Amino acid sequence: MARIGVVSISDGRGHVHARNADFIQSKQDALVASLREAGHEVVVGADLVATNSLAVSVAREVAAADVDVTVFYYAVWSFPHFTMLAADATRSPLVLVASTDPTEPGLVGMLAAGGALDQIGRRHTRAWGAPDDAELAAKIGVHAQASAAVSSLHGSTFGRFGGRPMGMNTAVANTDQWMRKFGVDVEEIDQYELVLRAEQADGAEAKKAREWIEQHAAGVHYDGDKLTPELLERQIRSYLAIRDIIDERNLDFSGIKAQPELTENFATMDVTEAFLNDPYDWNGPKQPHVCATEADMDGALTMQLFKALSGTPVLFADVRHYHADRDIWDLCNSGQHATWYAARSDDPGENLSKVNFYPEVFFFPAGGASVQHIAAPGEMTLGRLTRENGEYRLQLMLGEFENYDEATNKVLVDQSTPEWPHAFARLDAPGEVFLSKFGANHIHAVPGDHRAALRAVAEQLDIRLDEWSRGSGS
């Protein structure tokens, strides 16, 4: 799950600390046991902090273990300057946790320490409760999970194939800002490299993959023009080429411009992008590699964060249409709805049995297969990192993917582009608010409710959180 450091802060008077030490230790032991029971790795300070020098040495020792978050624990009244010294010795996010046992003033210690940190502008989160309270452990775990996700960005490399697609400003980010804010480098790669590598890719591997797709998919609908076995293999060879480039250049996530150069002269990247984002291919299980269509940088960054929090593939889609009569959004685009979203099964065959590979439509003269399915139903977290006046914000909401009978599904997909993948989403946000304020044409989703961790991500990144729900109306 996460690596959590625990440092207990005590009273600086020797005789008071001697009286309280066993009490503090018992509370700390219970908290550590609760965190470990929740599945976390816990790094415990070697001593209770009751002196200036221990505040520094214990905090440094815990920080050296590369923890995702550091808990300063207050079971009794604690000298606040110990917290200040310990905070200076660690760079991880801080969670100040107070015991609520009324026999000792742990809350007082936490509030005094928190106020001191506020005065110097050191960000932190506060929590309180019984040390064996599962809800307390869960809250600490959320902040640790968020910190691990944020930390995973630092030192990573984004591979950007091509430049700005079709004048799409929201797909392009400032590389200096990315490095300063997120610690992410950007490797610029010409799309011609992809074409060259695809032409040199293993033909036998491409044939094997094509036959695997034909065997497991609901249908591969060759038309002799926009979709032929040769075109499908070209798309697969593009996947093999990008996999080689990813390995060679140590890319952590990526994006492909595609339009218009590749889509008009080579092939669409739908198959390539879908299987990069999938947790499998014809050779078996693999780690999903986030790849954003149209080289959408902030989209890819959002997806990389979502993936780190959820451990699943991440959906990428256009906000295509709002069916006001149903209060349903059609999230649809040519690009990579990973095939995993068709059933969200660990069995690739179950997912692919709901996926059709159709000839691409008139937008894309070069042809190739689109990867079409309707996303399986379930609770979803949706959102995106967007920018307003150059500053990042996280726009966030909960939603539900829905699915209907075959006739209704057909009516809905036929109103947009039936050859493309669709997710029918009921958003916990008023349509007027969403359309008035959402800062991009692309949106991203993962299964489950990850809002608590994403709130913590926004706090740790010091970016604005725009969270929408029916209740708030804003």
Side-chain angles (χ1 to χ4, degrees), residues 123 125-127 135-136 138-147 149-150 170 298-299 301-333 337 341 344 375-389 391-404 412 422-474:
R123 300 178 66 85
T125 301
R126 303 180 193 180
E135 289 187 13
L136 177 61
K139 183 172 183 178
I140 296 169
V142 161
H143 287 276
Q145 183 186 17
S147 176
V150 171
T170 54
D298 285 341
L301 187 65
T302 304
M303 294 170 73
Q304 191 74 348
L305 269 175
F306 279 20
K307 173 190 162 188
L309 289 173
S310 68
T312 70
V314 185
L315 190 84
F316 177 115
D318 279 336
V319 182
R320 175 62 181 268
H321 180 66
Y322 179 50
H323 294 277
D325 58 329
R326 295 175 174 269
D327 192 25
I328 289 294
W329 300 84
D330 184 358
L331 309 182
C332 161
N333 77 320
H337 279 222
Y341 272 91
R344 299 204 305 276
E379 183 181 58
M380 295 282 156
T381 300
L382 301 101
R384 180 183 166 96
L385 289 164
T386 63
R387 284 164 285 143
E388 184 176 48
N389 196 27
E391 297 297 324
Y392 272 95
R393 59 191 176 177
L394 175 61
Q395 298 187 297
L396 177 66
M397 70 214 77
L398 196 65
E400 190 89 15
F401 283 0
E402 296 186 358
N403 216 321
Y404 313 105
L412 293 175
H422 298 260
F424 299 124
R426 189 177 301 278
L427 303 183
D428 189 19
E432 182 176 353
V433 170
F434 180 88
L435 288 172
S436 297
K437 297 187 175 183
F438 195 64
N441 51 305
H442 295 151
I443 193 168
H444 316 283
V446 283
D449 184 354
H450 298 278
R451 290 175 298 170
L454 285 163
R455 291 178 196 124
V457 164
E459 180 182 341
Q460 291 175 20
L461 288 171
D462 193 20
I463 61 177
R464 191 176 97 205
L465 175 66
D466 290 348
E467 185 172 351
W468 302 325
S469 66
R470 300 278 176 183
S472 67
S474 62

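For clarity, every value in this text was computed on a predicted model and none was experimentally measured.
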Below 4.0 angstrom, N of the basic side chain to O of the carboxylate: do Arg387 and Asp298 qualify?
yes

Salt-bridge present (Glu388, Arg464; N to O < 4.0 Å):
yes

Smallest separation among heavy atoms of [X] and [Y], with atom names:
X      : Y      : answer
Tyr341 : Pro447 : OH-CD, 3.5 Å
Leu315 : Ala423 : CD2-CB, 4.2 Å
Ala376 : Phe401 : O-CB, 3.5 Å
Trp468 : Ala429 : CB-CB, 3.7 Å
Ala317 : Asn333 : CA-OD1, 3.6 Å
Lys139 : Ala127 : CD-CB, 3.9 Å

So, Tyr322 versus Asp330: side-chain donor-acceptor pair below 3.5 Å or not?
no

Can you tell if the side chain of Asp462 reaches within under 4.5 Å of the side chain of Arg123, non-hydrogen atoms only?
yes

Side-chain ([X]) to main-chain ([Y]) donor-acceptor, under 3.5 angstrom:
X      : Y      : result
Asp449 : Arg451 : yes
Arg426 : Arg326 : yes
Lys437 : Glu432 : no
Ser469 : Asp428 : no
Arg384 : Ala440 : no
Thr381 : His450 : yes

Got a sec: does the CG of Asn389 have more than 12 other heavy atoms crowding it under 6.0 Å?
no

Run the numbers on Leu382 and Leu331 for side chain to side chain contact (heavy atoms under 4.5 Å, CB included), then give the verdict.
CA-CA 11 Å; Leu382 301 101; Leu331 309 182; 3.8 Å; yes

Under the side chain to side chain contact (heavy atoms under 4.5 Å, CB included) test, which residues partner Glu135, sequence neighbours left out?
Asp133

In Å, rounded to the nearest 0.5 Å, how long is the span from [atom1] of [X] to [atom2] of [Y]?
X      : Y      : atom1 : atom2 : value
Arg455 : His143 : CZ    : NE2   : 10.0 Å
Leu385 : Leu305 : CG    : CG    : 6.0 Å
Thr125 : Glu459 : OG1   : CD    : 3.5 Å
Thr312 : Lys307 : OG1   : NZ    : 10.0 Å
Trp329 : Leu427 : CH2   : CG    : 6.5 Å

Side chain to side chain contact (heavy atoms under 4.5 Å, CB included), that's the test. Do Leu394 and Leu454 meet it? Break it down for me.
CA-CA 8 Å; Leu394 175 61; Leu454 285 163; 4.0 Å; yes

Let's go through Thr170 and Thr386 carefully: what are the C-alpha distance in whole Å and the side-chain angles of both, what is the deciding distance for side chain to side chain contact (heavy atoms under 4.5 Å, CB included) to 0.1 Å, and is it a yes or a no?
CA-CA 8 Å; Thr170 54; Thr386 63; over 6 Å; no

Students often mix this up, so state it plainly: with edges at 30° and 60°, are the rings of His444 and His442 parallel, tilted or perpendicular?
perpendicular

Over 60° means perpendicular and under 30° means parallel, so classify the ring planes of Tyr404 and Phe424, tilted if in between.
tilted

Pair Phe438-Asp466, side chain to side chain contact (heavy atoms under 4.5 Å, CB included): steps then yes or no:
CA-CA 9 Å; Phe438 195 64; Asp466 290 348; over 6 Å; no

